[in-house]
Amino acid sequence: MATRGAFIAIEGLDRSGKTTQVATLQARLDSEGIPVKLFKFPDRGTAVGKMIDSYLRSQSELDDHAIHLLFSANRWELAAAIEQLLAQGTTVVCDRYAFSGVAFSAAKGLPLEWCRAPDVALPAPDLTLFLDITPEKARERGGYGEERYEKEEMQRQVRDVFRVIASEFDDATWVTIDAGRKQDAVAADIWDCVHPLANGIVGPVQRLWVGRGNK
């Protein structure tokens, strides 16, 4: 049967090492001869992404509902491109995805189900890797606090929502990784999870939260 590319999402709190680990994973896939394309959400280069960037840098103010919908729109802008790449056999790796959108907005007090609604039917990752780190440990890392959400209490609340989201998925599709360790150890765990999917997946791309039948 024909195979398609795997869709991998890497999630985590701010300063959990996502950007470093995504780059490491991309390089490892390249070295293995596996076609790979990286997406980073929010994509600040699109029209919607530029509005989000201004907000995150505290250069503009938006209602919590409005910014949530902009984050979702940013993902929908690129959904067709992701699906096309997967169909061509390219592995897609996302630095953040819809789960971050839900977690950060719900942490601000918006209803969890409302937060999910705009992202229902987006392409669903085949595997989500959540890089878990305590807010206290994240604070020790360089650059912490430069953007709007990088506050310890906010990060603690976001972490709690991520735990709720994680509980809805089985162990094959959502893996929590201790990101408070050395980079090499984290990268090794990520590769152990990704490697079985790297040569392609049989079957269609699933739809996020359709029917809520994730577990």
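This is a predicted model, so every value here is computed, not measured. One is the number of the first residue; the rest follow in order along the sequence.
- Taking 4.0 Å as the cut-off between side-chain N and carboxylate O, E77 and R44 do not count as a salt-bridged pair.
- For the pair S105 (side chain) and H68 (backbone), a donor-acceptor distance under 3.5 Å is absent.
- By the rule that hydrophobic residues join a cluster once side-chain heavy atoms approach within less than 4.5 Å of another member, L78 and L85 end up as members of one cluster.
- Note on ring orientation: taking the six-membered ring where Trp is involved, the planes of F104 and F162 are perpendicular (angle over 60°, cut-offs 30° and 60°).
- Taken to the nearest 0.5 Å, the CG atom of L127 stands 7.5 Å off from the OG1 atom of T173.
- By the 4.5 Å heavy-atom criterion applied to side chains, L70 and Y55 are not counted as neighbours.
- Annotation: side chain of V161 is not in contact with side chain of C115 (no heavy-atom distance under 4.5 Å).
- Residues V194 and L129 form a side-chain contact, since some pair of their non-hydrogen atoms from C-beta on lies under 4.5 Å apart.
- Formation of a donor-acceptor pair under 3.5 Å by the W76 side chain with backbone atoms of P118 is found in this model.
- Clustering ILVMFWY residues whenever any of their side-chain heavy atoms sit less than 4.5 angstrom apart, transitively, puts I34 in a cluster other than the one holding F7.
- In the hydrophobic clustering of ILVMFWY residues, with side-chain heavy atoms under 4.5 Å counting as a link, I82 and I10 come out apart.
- L122 is listed as a side-chain neighbour of Y97, based on a closest heavy-atom distance under 4.5 Å.
- Side chain of Q26 to backbone of V93: no donor-acceptor contact under 3.5 angstrom is found.
- A donor-acceptor contact under 3.5 angstrom links the side chains of N74 and T46, judged on distance only.
- When all heavy atoms of D119 and S72 are compared, the pair lying nearest together is OD1-OG, 2.8 Å.
- The two residues V186 and A179 make their nearest non-hydrogen contact at CG2-CA, 4.0 Å.
- Counting all heavy atoms, side chain and backbone alike, P196 lies closest to W191 at CD-O, 4.5 Å.
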Problem set entry | Audit row: I67, I52, side chain to side chain contact (heavy atoms under 4.5 Å, CB included) steps and yes/no | CA-CA 7 Å; I67 189 61; I52 294 171; 4.2 Å; yes
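- Between R163 and D160, at least one side-chain nitrogen of the basic residue sits less than 4.0 Å from a carboxylate oxygen of the acidic one, meeting the salt-bridge criterion.
- The line from CZ of R159 to CG of L13 is 6.5 Å long, rounded to the nearest 0.5 Å.
- Distance alone, capped at 3.5 Å, places no donor-acceptor pair between the Q206 side chain and the D126 backbone.
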For this session: Check step by step if side chain to side chain contact (heavy atoms under 4.5 Å, CB included) holds for W174 and E168.
Result: CA-CA 9 Å; W174 186 292; E168 301 169 350; over 6 Å; no
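- A 4.5 Å side-chain heavy-atom check between I177 and L131 finds at least one atom pair inside the cut-off.
- Listed for the E11 side chain is a donor-acceptor partner under 3.5 Å among the backbone atoms of S100.
- A ring-centre distance under 6.0 Å is found for F99 and F169.
- Closest approach of L56 to P42, counting heavy atoms only: CD1-CG, 4.0 Å.
- For the pair V120/V210, a side-chain contact is recorded, criterion being any heavy-atom separation below 4.5 Å from C-beta on.
- Between the S31 side chain and the R28 main chain, a donor and an acceptor come within less than 3.5 Å of each other.
- Taking all atoms of both residues into account, the shortest heavy-atom contact from A6 to L197 is CB-O, 3.6 Å.
- Between the side chain of S54 and the backbone N or O of M51 there is no donor-acceptor pair closer than 3.5 Å.
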Exercise. Between V205 and R4, is a side chain to side chain contact (heavy atoms under 4.5 Å, CB included) present by the stated rule, with each step listed?
Worked result: CA-CA 9 Å; V205 177; R4 60 170 174 83; 3.8 Å; yes
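- Heavy atoms from other residues, nucleotides or ligands lying under 6.0 Å from CD of Q84 number 12 at most.
- Residue D95 holds its CG atom at 12.5 Å from CZ of F39, rounded to the nearest 0.5 Å.
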For this session: With side chain to side chain contact (heavy atoms under 4.5 Å, CB included) as the test, would you mind laying out the steps for K40 and V22 before giving the verdict?
Result: CA-CA 9 Å; K40 180 179 175 63; V22 166; over 6 Å; no
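- V164 and V175 sit in two unconnected hydrophobic clusters of ILVMFWY residues. Membership requires side-chain heavy atoms under 4.5 Å apart, directly or through other members.
- Taken together through direct or relayed side-chain contacts under 4.5 Å among Ile, Leu, Val, Met, Phe, Trp and Tyr, V36 and L86 form parts of separate hydrophobic clusters.
- With rounding to the nearest 0.5 Å, the separation of CD1 in I165 from CG in L112 is 6.5 Å.
- With a 6.0 Å radius and a threshold of 12 heavy atoms from other residues, nucleotides or ligands, D171 has its CG atom at or below the threshold.
- In this structure, the separation between NE2 on H195 and CG on L25 is 11.5 Å, given to the nearest 0.5 Å.
- Considering every non-hydrogen atom in both R15 and I133, the closest pair reads O-CD1, 4.0 Å.
- Between P123 and R207, some side-chain heavy-atom pair lies under the 4.5 Å cut-off.
- Rounding to the nearest 0.5 Å gives a distance of 11.0 Å between CG of D64 and CG of L69.
- No side-chain heavy atom of Q157 sits less than 4.5 Å from a side-chain heavy atom of K108.
- Around CD of Q183, the count of heavy atoms belonging to other residues, nucleotides or ligands within 6.0 Å does not exceed 12.
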